[in-house]
Visitor: 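Dropping a structure here in C-alpha cells format, bear with me for questions.
In what follows, every chain begins at residue 1, and chains take the letters A, B, ... in the order their sequences are listed.
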Amino acid sequence: MLFHSWRKPLCNRGNFFPLIQLFAALSHGHVAMFHSCASIPSKYPSFRKKPSVSKKRKVVIFREFRDVNSLNDAVCVFHRLVRKEPVPSVVEFAKLLRVMINLKEYSVVVSFFGEMRKLGIPFDDYILTIVINSFCLLGCAENGFSVLGVFFKSGVQFNVVTFSTLMRGLFEQNKIQDALWLFRKLVKEKICKMDEVMFGTVMNGLCKQGHTQTALSLLRIMEQGDAKPNTVVYSIVVDALCKDQMVGAAFNLFNEMKRKGITPNVLTYSSLVDGFCKFDQWEKVRMLLDEMMYLNIFPNMHTFSMLVDAFCKKGMVEDAVEVLQIMVQKGEHPDVVTFNAIMEGYCLRGEIDVARRVLDSMIDIGVKPDIFSYNILVNGYCKQKKLDEAMHLYCEIPQKGLKPDIVTCSTILQGLFEVGRVECSENFFTEMQNAGHSPDIYTCGIMLHGYLKNGHVEKAMSLFHRWEKQKEDTYILIYNTGNDGFFKIQKLDRARSIFDKLYSVGLHPDVIRYSVTVNGLCIEGLVDEAKELLRKMEDNGCLLDNATSNLIVHGFLKSNKTNEAMTLLKEIIQRGFPADKVTMSLLIELLLLIGEGPFLLNMMPKLHLRSEK
DNA sequence: TTAGGGTTAG
C-alpha cells in the first residue's frame, strides 16, 4: 500500500528505484517500512496524510500569460500589447510585469516601464509598486525612492503596499536606519495607514538583523493600534526568539497567541519544532507534532527537513532516515536540503562513502545537488584528512554546472592546514583570490588559526596586522581565530586587550572564549585575573561546561594553584561533570607531590563514580 | 509580511 503511494509521484520525478535501494541499505534491513503504514515508529506521532492544496488562484491570475516562459516570450507579448488598438488596460500591463518578476527579469521590468512612459501608456500605483519592487530585488532600493517622484509627478496616489515594498528592499540591503527613518516618517506624518503587512515587514527586517526585542516591542505597539497582531507577525517573533536560542520565551509567546485566539500555522509550529530539536527537548517536539495533527495542521517539507536535520546533527541518522521515509509516505517529497542534511549526518559519523552514495542516489531520482551538497562532502573528506579526495571533488564541481563558493574554498583551506600542508594552503589562498573569492571572516579565521597551529607565528601576525588595518570587523576576526593563539605566542597583553575590546564593542564572548582566556591567564601565572574573569563569566550568564571546566582546572594545575584547582574540581563534580583523564592525572601527580596522598584516597571513589556516570 | 541546509575557534 505504501509502495503504491510512493509510486504515484515517481512517474513525474524520474526513477525512484535507486532511492528505495538506498533506504533499504541505510535502514539496516528495515525495508518493511515500505510495505506497512503500521511500522511507523511509536516515537513519532501518527502523521495523517496532508490533503491536496488548491493553487487555483495563481493559475487564474496568470492564465493570459501562461505561455510566457522566457524573456523572449515576454518581449513579444509586450510589443503586441503596446501596438494594440485601443491600448490595453493597465491591468494587462501589470499582469505581464508580475510574470516578469516571477521570471526574475527585474531589469527588464524597469526597461518595459521606461518604454511605457515614453509611449504615453497609462500606469497606476500597482505598476509603480512593481517597478519599486524590481529595483529592490536588483539590490537598488535607493532607485525605488526615485519612483516615488513619479508618483508625485503623475498624481498617482501611493499606498501602504508601495512603502512596505520599499521597506523590504531597505532591510534586504541592511539599511536598517533608512528603513526605520522611513517607518517613523510614515507613522508620524500619517502618510499611509499602517497595516499588518507593513508591521510584519518591519518586524521581520528587525528580527533578521538581530533586533528581536525591538520587534517584540512593535508587536506590543500593534496591540494598541488598529492593525492588530496576526498569525504572521506572532510567527515572525516566535521564529526569531527560537533562533536567538530563547525557546522558552518563544513558547510563551506561542501560548499567548493561542490564548488570544490567534491560530498558529504550520510555520509557527515548525519554528518551535526546530527550536526544541536544537535543545534536545524531544518531549516538547512530540507534543507540538501531536498538537499539529490534532488541529489538522500538516507538517510540510520544511517541518520534516528540520526533524531530519536535527536527528542527523545529533548523529541519529537512522532516525533521520525513518523520518525521511515517513515524509515520503505522507506525500512530502524530500528536496536537496533534506538530502544534504542526511549527507551531513553520515559525514559527521565519518561514513563519507555512504554520504557519497546518497549524493548519487539523489541525482538518480532527479533531485539536483547544489553547492551545499558538494561543500558537505568536501568537508567530510577534509575532516577525514582525505585531502586528495576533497581536491578531486572540488575539481568535479564545475563539471556539474556549479561554482565553488567561498565556503568550498574555506573548507579546502582548513583541510590543507589541518594536515600541515601550509604551502598548498598558501597557493590555494592565492588561487581562490585570483578566481574572485574574497576571503570572508571565516576564511580569515582559518588562515590565522592555520598559521598559528602550524607554528608560522610571524606569517599569522603579519596577516593579522594587514587585516586589522583593512577590515572593520577585526574584533570578530580575532573572536573567530580563537584568542588562545595569541596566548600561545606569548602576546598576553595583546590577547587580554582584545578580550576587553570584544566587550566594549558589544560582542559577547562565549564559553570557549572565556575558557581559553582563563586558561591562558593561569598558564601565565595571572591566577587572580583568571579568577576575576571566571566571576565575570558567571555574572554574564555564561555557564561552565564539561570541557571548559577541565580546561580551566588544567590552567590552575599548570600554574601550581592546587587549591584553586581543587575548589573548581569540587564544583565540577557537584555539577555532575566528569573530570577528564588528563585533568585527573595532573591532579593526582600534584597531590602526591605536595603530600596529599590521604586526601587523594578520600576523593578518588567520588571522582570515579562521577567519571563513570 | 513568516519557517529548513554547508566553512572557523578549546
Visitor: I'd like to check the side chain to side chain contact (heavy atoms under 4.5 Å, CB included) partners of H456(A); sequence neighbours left out, ordered by chain and number.
Guide: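 Only V422(A), Y451(A), N454(A), K459(A) meet the side chain to side chain contact (heavy atoms under 4.5 Å, CB included) criterion with H456(A).
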Visitor: With a non-hydrogen cut-off below 4.0 angstrom, is E196(A) in contact with a base, only sugar-phosphate, or nothing?
Guide: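 Contact class for E196(A): base.
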Visitor: Looking at dG4(B), I'd like to know if its phosphate oxygens (OP1 or OP2) sit under 4.0 Å from a side-chain N or O belonging to K243(A).
Guide: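 Answer yes for this pair, as a side-chain N or O of K243(A) is under 4.0 Å from OP1 or OP2.
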Visitor: Under 4.0 Å, counting only non-hydrogen atoms across every strand here, what does K453(A) touch: a base, just sugar-phosphate, or nothing?
Guide: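 No contact.
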Visitor: For T201(A), give me all partners under side chain to side chain contact (heavy atoms under 4.5 Å, CB included), at least two apart in sequence or on another chain.
Guide: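 Per chain and number, T201(A) pairs via side chain to side chain contact (heavy atoms under 4.5 Å, CB included) with S164(A), M167(A), R168(A), V197(A).
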Visitor: Please name all residues satisfying side chain to side chain contact (heavy atoms under 4.5 Å, CB included) with M391(A), sequence neighbours left out, ordered by chain then number.
Guide: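 Counting only residues at least two positions away or on another chain, M391(A) forms a side chain to side chain contact (heavy atoms under 4.5 Å, CB included) with I412(A), F428(A).
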Visitor: Just verifying a value: how many Å separate I376(A) CD1 and I352(A) CD1, rounded to the nearest 0.5 Å?
Guide: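 The CD1 atom of I352(A) is 10.0 Å from CD1 of I376(A), to the nearest 0.5 Å.
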Visitor: I'd like to check the salt bridge (Lys or Arg N to Asp or Glu O under 4.0 Å) partners of K284(A); sequence neighbours left out, ordered by chain and number.
Guide: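 With sequence neighbours excluded, K284(A) shows a salt bridge (Lys or Arg N to Asp or Glu O under 4.0 Å) to no residue whatsoever.
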Visitor: What residues from residues 262-271 of chain A pass a heavy-atom cutoff of under 4.0 Å to DNA chain B?
Guide: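 Result for residues 262-271 of chain A: N265(A), L267(A), S270(A), sorted by number.
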Visitor: Any donor-acceptor pair, under 3.5 Å, between the side chain of T338(A) and the base of dG5(B), if you only look at N and O atoms?
Guide: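 No.
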Visitor: So is the aromatic ring of H302(A) stacked onto the base of dG4(B), judging by whether the centres are under 5.5 Å apart and the planes are under 30° apart?
Guide: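 A stacking contact does not exist, since H302(A) is not both close and nearly parallel to the base ring of dG4(B).
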Visitor: In whole angstrom, give the distance that lies between atom CZ of F311(A) and atom P of dG4(B).
Guide: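 Whole-Å distance recorded here is 19 Å.
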Visitor: What's the closest nucleotide to the D440(A) side chain, out of dT8(B), dG5(B), dT7(B)?
Guide: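 Nucleotide nearest to D440(A)'s side chain: dT7(B).
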Visitor: If we require ring centres under 5.5 Å and near-parallel planes under 30°, does Y442(A) stack on dT7(B)?
Guide: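 Answer is yes, a stack.
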Visitor: Please list all pairs passing the salt bridge (Lys or Arg N to Asp or Glu O under 4.0 Å) test where one or both residues lie in residues 442-455 of chain A, with sequence neighbours left out.
Guide: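 Every salt bridge (Lys or Arg N to Asp or Glu O under 4.0 Å) pair that includes a residue of residues 442-455 of chain A, provided the two are not neighbours, is E418(A)-K453(A).
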